[in-house]
Amino acid sequence: MANEETKVFGALIQGYLGACLNLNIVAGKKIMDFQTQIQTTGWYPLSRWVELERTVLQSYKNANAILVRVGMEMMKAWYNFGPGKTLINRGSDFLHYQTGSGGYESVIKGPKKQVGSFELVKMDGRKGFATVHSTTPFNRNMECGVLIGGMLAPGDLDYVDVTNSKDPDTLEIEFH
Amino acid sequence: MELDDLLKRDRPPGKGAWSPTMDDFEKLFWKCKGLIKERERNVAFWKSTNENLSMAYDKLDDQERELEKAYGIITDDLKVANRIQSSLLPSLNGQMQDELEFAVYHKQLAEVGGDYYDFFKTKNGGYAIGVFDISGHGVAAALVMAYLKAQFTLAINLFDSPKSIVEYVNSQSVGFLRNVKKYATLNFVLFNNDRVNYVCGGGNGLLVHDYTPILFKKQDYFLGLKQRTYNEYTLPFVEGDLLVLYTDGITEAQNGNFEDYSIRRLNALIVANANREVTEILDAAIGDFRRFCRRQQDDITLIILRKRRRS
């Protein structure tokens, strides 16, 4: 287990890449190489993901808003062209899907310490508040975007906002 | 509940007034707030995108400045190289000036090039002329030109005949030229009283003797292709005769219809103007060439000589 490497599912990398290309926020040979090298059904070292993320971060003075949008775009594609519609019917279902890191663990595997978790810890559907605790190696702004995009995708919610200003690892969600 | 739905209820089809519920207002409130939030996210996204664009422009500016600097260094180097190469080109010596009328058009395609001509004083007091076209253009060809000049300067002091001189230079140069994947066409002409002796390795030569054009035999090899012997030919060259030597920069230039200017066209023009001054013949040839082909495509050398008439 000690030598086990953290791996990311190819579909997630391709989703990230597809979102970047759709939004025209990255370009060039490096990105095109990623597109040809990564298979959606394969598993790849976390370093490939980090490399891709760095490519985006290097291009922007402040990439926070960009990464939020990337996360949203990824989940839009996941819902409309991936398995999303078969897994969730309503925006709040996306939060339930995160219970026990279920959604997260389908796209990453490796030592628990490195992989971390992405877990729904609190939810009040009536008031429209929820909390997700994240210790993943991924960018938190992108994760905010993932939650916003995943919850807005079914189209039943009028308002979704996610903040992590109090604690970077605590994602506070408001939805209506 | 959409805003449209609310407004439609203002004119209900039946009885009863429009009575939106608190739920309707709450739904509308969150819808508005959702739109505002979406707008905020869009603004933040485009702000970052614009900053990225501005960063990219800054980077482009930096790169442009670096390119400009590098271009400046290269241009300065090429200007120096051009001056050096020009200084390697010869001027007529006294004896040649006494015996020959002379006109030359020599223009490299770039700052430096591979066309090269030279006048030589032979070891027994005669004189000779060489015209060379080194394959390719630019700095590499210019370096080979300097190398060949040194070889010919050495050979002219060792041998008497064009054949021996060219064979010596070829034997000394073939290894080097093959290594650097270059070769050179040549015309080497030795003036010998009322005759000229020449060796022609792919160059172009025309002699107009008593208004009769004679083409140089050019079946010998270029310099630098292989170790071999060369043929030497003799032609009459008396007072009033014209000698024209040129590289393929003129004759292989193409017009918009991909037609070559051609050896035939240049030779015909020279023969038709053979009774004029050499500078006038040169002007006529270059004028006709420029009308045919507006853009220079290769290094060009055209030399016209006439044996002066003794008055």
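The analysis underlying the following values was restricted to heavy atoms, covering all of them including side chains, and did not include hydrogens, waters or symmetry mates. The sequence lines fix the lettering, A, B, ..., with proteins before strands; numbering per chain opens at 1.
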field: Closest-packed option against chain B by number of heavy-atom pairs under 4.5 Å, given A:I148, A:V68, A:L152
entry: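 That would be A:I148.
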Answer key: most heavy-atom pairs under 4.5 Å with chain B among A:A65, A:A63, A:G145 is A:A65
Here the gap from A:N64 atom CG to B:F45 atom CZ, rounded to the nearest 0.5 Å, amounts to 13.5 Å
Rounded to the nearest 0.5 angstrom, the OG1-CG distance for B:T49 and A:N24 is 9.5 Å
Has [X] got more than 12 heavy atoms of other residues, nucleotides or ligands less than 6.0 Å from its [atom1]?
{"X": "B:F152", "atom1": "CZ", "value": "yes"}
{"X": "B:Y221", "atom1": "OH", "value": "no"}
{"X": "B:Q227", "atom1": "CD", "value": "yes"}
{"X": "B:F176", "atom1": "CZ", "value": "yes"}
{"X": "B:K149", "atom1": "NZ", "value": "yes"}
{"X": "A:R90", "atom1": "CZ", "value": "no"}

Hey, what's the ring geometry for A:Y159 with B:W30, parallel, tilted or perpendicular (30° and 60° as the breaks)? tilted
Whatever's closer than 4.5 Å to a heavy atom in chain B on A:E174 counts as side chain
Using modelled atom types and a 3.5 Å cut-off, is there a donor and acceptor pairing between side-chain atoms of B:S48 and backbone atoms of A:N62? yes
Of all heavy-atom pairs linking B:E51 and A:K61, the shortest is OE1-CB, 4.1 Å
When every non-hydrogen atom of A:D156 is compared with those of B:K27, the smallest separation belongs to O-NZ, 4.2 Å
Greatest number of non-hydrogen atom pairs under 4.5 angstrom with chain A, of B:E26, B:K33, B:E38, B:E40, falls to B:K33
With chain A, which of B:N42, B:V43, B:L35 has the greatest number of heavy-atom pairs at distances under 4.5 Å?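 Answer, by heavy-atom pair count under 4.5 Å with chain A: B:N42.
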**Prompt:** Does a salt bridge link A:D158 with B:K37, judged by any charged N lying under 4.0 Å from a carboxylate O?
**Reply:** no
